[in-house]
Amino acid sequence: MSRLPQLVPISIADLEHNAHTTLAINALDYYRSGANDMQTLKDNQDAYKRLRLRPRILRDVSKVDTKTTLLGHTVSSPICIAPTAMQRLANDAGEKATARAAAKAKKCMILSSWSTTSAEDTIAAGQEIPVDQSSTSGLPLFWFQLYVYKDRVVTEQLIRRVEKAGYKALVITVDTPFLGRRLADVRNVFKLPGHMTMANFENKDSKVTMATILDQNEDSDEGVDVTYDKATGATKRVVRQESSLAAYVVSQIDPTLNWSDIAWVRSITKLPVVVKGVLTAEDAKLAADTGVEGILVSNHGGRQLDGVLATIDALPEVLDAVKGRGVEVYIDGGVRKGTDVLKALALGAKAVFLGRPILWGLAHDGEEGVSLALNLLQQEFELAMALAGCCKIEDINRDHVQHGTTARSRL
Ligand SMILES: Cc1cc2nc3c(=O)[nH]c(=O)nc-3n(C[C@H](O)[C@H](O)[C@H](O)COP(=O)(O)O)c2cc1C
Ligand SMILES: CC(C)CC(=O)C(=O)O
């Protein structure tokens, strides 16, 4: 495959370009893909482009402060890191590099259950970064993303470990009873390279190892390719394997998950709970009824059910549904520019979470690359705030954004 030259990155798009030139194809495809036609993947970004900003002028924007709070913790900015599995595919330092960059920027990072570095080692890497604990401009914050295993003992053990390690919230992913069908991963028969592990499940007491699944998958006869011989016109059916991730999810993740399980998790931990993957008013109300502290409006970066709303289009109904219920509402999916962050906050999101931009940074230059991705977004956001007449997060409101391209007075 011919590779394009690298760019000196000055935007997330440049970092993505560079990742395309350096990553091995199975990692690149795994990271960039959405499910099926990838309609939702594309729409997540397009929907931001359909919104227009309404700036205010003459407001003394010489100083812009982006600090905010997440479930009572002050962080430097509402720009946060979404959980993405298997970060060592991008760079050998993987989740440790991301944690260090998050800590340096005093931002919130959510670690995936399916990280290639353990929960303990990841947070320890972040905690190695010296921080002034009395700082009022924000502190690093680590949350843990939980996949609920069929085996509730495995799930509970993991919760105990992350509580002990110092994670401050559990983010339960609720949109993955089965893995969405990402065609490139099926074609590539995606596998985690042998020297990497799903590090949270490698202890000797746990029956759950990726190796077990890979072994099972070696014998699997799922998936068929049809090849066509031009010379003879003959077709041949070639049996091949599925993406090992899909097999892993089927074998381990509980598709019976329902609201009573969210209540169960709440009953066994003192950590606040965020549900990740809510897209409708109906489910937002149920989440609030269950007593969760946060909702992350997410379509999993377009990787699960293709054809759902872009998250920025789903956000208003979720916010309306839980208004006055004391639940914080966050968003992820398609955030690539500072103006996207401003639009999401103007519509009412408390914070935005970045998935792929962090992976592109990691692939570009490990910890430095993640810092670069965070800094580029942060600088763009500060500039967007200033140009829209906002000095602090509380200044951003619903009047700063509108749907459509027609002036409001003519709507
Ligand atoms: C490669 C990759 C791996 C992901 N792994 C997880 C995961 O382990 N757990 C999870 O809840 N979400 C996972 N997600 C979804 C992200 O948390 C997030 O919802 C999504 O990436 C946001 O969209 P964006 O990539 O456009 O920013 C993953 C996304 C990607 C791209
Ligand atoms: C291991 C994967 C199933 C993690 C994930 O959520 C994803 O790839 O989107």
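Source: prediction; values computed, not measured. No hydrogens, no waters, no symmetry mates; every other heavy atom, side chains included, goes into these values. Numbering of ligands and ligand atoms starts at 1, following listing order.
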Residues R266, E293; criterion salt bridge (charged side-chain N to carboxylate O under 4.0 Å, His left out); working and verdict: CA-CA 10 Å; R266 289 197 71 243; E293 282 78 5; 3.6 Å; yes

Of the choices G333, A90, G355, which has the non-hydrogen atom that lies closest to atom 23 (O) of ligand 1? G333

Examine the proximity of ligand 1 to V335 and report which part, side chain or backbone, both or neither, has a heavy atom under 4.0 Å away. neither

If we number the atoms of ligand 2 from 1 as shown, the ones under 4.0 Å from a heavy atom of R303 are 7 (C), 8 (O), 9 (O)

Contact atoms of ligand 2, heavy-atom distance to W114 under 4.0 Å: 1 (C), 2 (C), 3 (C), 4 (C)

Protein heavy-atom partner closest to atom 6 (C) of ligand 1 - residue, atom, separation in Å: P83 O, 3.3 Å

The criterion is salt bridge (Lys or Arg N to Asp or Glu O under 4.0 Å); which residues satisfy it with E317, sequence neighbours excluded? none

Purely on distance, is any nitrogen or oxygen of Y30 under 3.5 Å from one on ligand 1? no

Have a look at R336, Q45, K276 and point out the one with the heavy atom closest to atom 26 (O) of ligand 1. R336

Summary of salt bridge (Lys or Arg N to Asp or Glu O under 4.0 Å) pairs that have at least one residue in residues 5-29, sequence neighbours excluded: D29-R32

When distances are taken from atom 7 (C) of ligand 2, the protein heavy atom at minimum range is R182 NH1, 3.2 Å

Between A82, S112, G34, flag the one that comes closest to atom 8 (O) of ligand 1 by a heavy atom. S112

